[in-house]
Amino acid sequence: MNTHSLLRLSFFVFSILLSLGSLAQESASSICNNPNGGCDTLAVEKKISPWRVGGFLGPAVAFCGSWEGTFNSNKYRDKSLFNGIGFNAALNADYFFKPQKTNRFKLGVGAVAGLQNFFFRKDINSFIDKLVSDAGSSNAVIQKGSSEDHYFVVGPVLDFHFTKKPRSPFLEASLRGGIFRSTPAAIFVYDRVTGNNIYSVTASDKRYHAGMLATLGFFYPSKNGLWAWGVEAIGFRTKMNYIFPGETIYPFERKHGGFSAGIAMRRNFIRDVPVRKDPTPPLICVSPELDLKMGSESIKGFIFNTAKDTTKAEPILLTWKTRSAADTNTTETFTARIHQLNGAEDKVIASVICQEGNQLAFPASHLDVNGRPITGQYYATVTSQRLSDCASCTSEASTTGFSVIVPTVKPDTVIGCYKQCNLEIYAYKKIKSTRVVYGKTSTSCVGCICPVDTVPNTYSKYYLLGTVEIKDCDPSKLNLDEEIAKNNIKIPTWAGTVYTSVQTSVAGKCDVPQGVTKVNYKATVTKRKVGPFIKVIEKKI
């Protein structure tokens with residue numbers, strides 16, 4: 001496994017762990033949802049789950065039996081592998097047993113899965129150059145691959161918290177045993193011309209060994225207490241097998257170990273745990289006491305007259321206060337609304353929903369220039385909501401209101417003159433079609449009626465070009481050309497004659513006879529220009 005592959009794997013591991021941060025986020029719910037609806041003897045508490053996951057990433061060093069065998073290249077203990085600095089990435093999952101509340105030690109059991117990769121030391125190049133020189137080869141091929149370990153271990157883990165607080169820093173130690181799959185470094189040097197082997201080290205078929213892994217870390221929790229970040233040291237010990245092919249196969253088995261230190265994290269989870277609780281009495285909600293004032297004067301039930309009440313008004317304010325007994329174990333909120341009745345429409349013009357306040361101002365959008373309400377009927381409703389740990393209730397609504405009226409004006413008994421003209425402009429277009437003629441024929445069947453011929457047919461189709469409505473019009477002074485142009489009525493190119501129907505409605509005290517009269521006019525169109533209109537027929541409806 002090369003450096004880029006290991007970095008990609010490490011980034012993928014930490015991406016999975018960080019994505020778990022969104023699982024235990026809680027959204028605040030409004031107290032006005034009243035989700036309980038009764039008094040229960042069971043409640044749900046959010047507690048830390050006994051399960052925990054974690055991760056580690058850091059540099060690693062292979063330990064080859066002794067300090068000199070690991071770091072002194074002059075010793076032949078590690079000449080065959082040349083293991084240098086590498087990387088170690090691991091994931092762990094732990095389960096903790098329930099501790100005593102006064103005990104800062106937490107004991108659990110967990111598993112760790114990870115991989116290590118050790119790169120070659122630089123002195124391998126001089127070592128191979130000497131082998132090639134001693135062999136007298138001038139065209140040597142060198143192939144090599146670094147050592148790596150995969151492991152899975154299980155064992156006890158112990159946490160020690162410095163304080164009893166939930167966000168206390170802690171030390172963590174573990175000792176786990178399991179299976180290691182160790183692959184030694186692969187080195188293969190041969191002469192390209194002769195194909196003779198100069199030097200080689202390869203893995204044997206025995207790659208799985210039992211091993212031990214120990215960890216020691218220091219962690220500091222985040223603000224929410226679910227994440228903990230810190231540093232950790234890891235050491236391991238197992239065995240490794242490899243062979244030296246040559247004239248004879250020389251198998252070799254030696255102790256294999258190492259240690260690493262780097263950054264680490266731990267992630268706890270939240271779970272819902274049912275707990276027993278004592279039953280509490282049901283809540284009773286009482287309607288609040290309501291007041292509606294204009295300045296310091298109460299206006300409950302008042303009727304204002306827009307003709308008489310025209311002075312500058314003081315601000316209008318809806319206030320209320322609770323009638324429930326004080327109780328620190330409950331939360332009381334109020335929902336207040338101001339309605340306007342205007343005809344058949346009931347409209348909420350101001351409101352507060354589930355608030356702990358006790359007043360609501362009349363909206364400025366429904367006040368005139370003098371600060372007085374505009375015409376309409378107004379009423380207000382206020383309800384009380386109470387919520388405890390296991391019960392909720394809503395009171396009946398307290399209500400009051402006032403109205404603003406416009407004084408009645410006696411209507412004029414004399415009806416004036418009413419005249420209105422309605423114009424319809426239309427034309428007829430010649431449409432050509434074909435008509436099927438049916439008759440008896442002897443070619444198909446005796447006495448059958450069948451289509452025997454198709455003859456051309458032409459008919460006039462009615463097209464409405466536009467309508468015009470004119471109020472208070474005088475039919476004798478009506479200019480049809482001007483009305484058609486004013487209302488942007490287009491005359492089609494195919495129209496040879498344009499017709500206009502003028503219907504006049506007269507009512508009330510007028511100097512002309514009352515009733516409805518309809519007069520038709522027509523005009524010849526030449527090059528889309530309408531000529532003078534000529535009266536066609538006058539009909540009394």
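Any value given below was found using the heavy atoms of this structure, including those in side chains, with hydrogens, waters and symmetry copies removed. Each residue takes its place number in the sequence, starting with 1.
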(request) Just grab all the disulfide (SG to SG under 2.5 Å) pairs involving residues 467-509, residues at least two apart or on different chains. (result)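 For residues 467-509, and leaving out neighbouring residues, the disulfide (SG to SG under 2.5 Å) pairs sorted by first residue read C421-C473.
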
(message) Filter on salt bridge (charged side-chain N to carboxylate O under 4.0 Å, His left out), then keep only pairs touching residues 458-484, sequence neighbours left out; what's left?
(response)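 Applying salt bridge (charged side-chain N to carboxylate O under 4.0 Å, His left out) to every pair that reaches into residues 458-484, excluding sequence neighbours, yields E483-K486.
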
(request) Output all residues satisfying side chain to side chain donor-acceptor pair (under 3.5 Å) with K490, sequence neighbours left out; order by chain, then residue number. (result)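 Partners of K490 by the side chain to side chain donor-acceptor pair (under 3.5 Å) criterion, ordered by chain and then number, come out as N488.
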
(request) Go through the structure and list residues passing side chain to side chain contact (heavy atoms under 4.5 Å, CB included) with E297, not counting sequence neighbours. (result)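 Scan of E297 (side chain to side chain contact (heavy atoms under 4.5 Å, CB included), adjacent residues dropped) gives F302.
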
(request) Just jot down the side chain to side chain donor-acceptor pair (under 3.5 Å) partners of Y428, sequence neighbours excluded, or say none. (result)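 Side chain to side chain donor-acceptor pair (under 3.5 Å) check on Y428 returns nothing, list empty.
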
(message) Holding to side chain to side chain donor-acceptor pair (under 3.5 Å), I want the full list of residues that pass it with D272, two or more places apart in sequence or in another chain.
(response)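 By the side chain to side chain donor-acceptor pair (under 3.5 Å) rule, D272 matches K46.
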
(request) Scan residues 463-485 for pairs that pass ring-ring contact (aromatic ring centres under 6.0 Å, His included), counting only residues two or more places apart or in two chains. (result)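 Found Y463-W494.
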
(message) Test of understanding: with side chain to side chain donor-acceptor pair (under 3.5 Å), list the residues that count as partners of T526, not counting sequence neighbours.
(response)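 Side chain to side chain donor-acceptor pair (under 3.5 Å) check on T526 returns nothing, list empty.
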
(request) With sequence neighbours excluded, give me every side chain to side chain donor-acceptor pair (under 3.5 Å) pair touching residues 299-328. (result)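 Listed once each, the pairs are T311-R372, T322-E332.
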
(message) If the condition is ring pair (Phe, Tyr, Trp, His ring centres under 6.0 Å), which residues does Y379 pass it with, not counting sequence neighbours?
(response)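 With sequence neighbours excluded, Y379 shows a ring pair (Phe, Tyr, Trp, His ring centres under 6.0 Å) to H339, given in chain and number order.
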
(message) Taking ring pair (Phe, Tyr, Trp, His ring centres under 6.0 Å) as the definition, give me every residue that meets it alongside F96, ordered by chain and number, with sequence neighbours left out.
(response)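 Ring pair (Phe, Tyr, Trp, His ring centres under 6.0 Å) list for F96, sorted by chain: empty.
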
(request) Return the set of residues passing side chain to side chain contact (heavy atoms under 4.5 Å, CB included) with E345 (not counting sequence neighbours), or none when no residue passes. (result)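 K347.
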
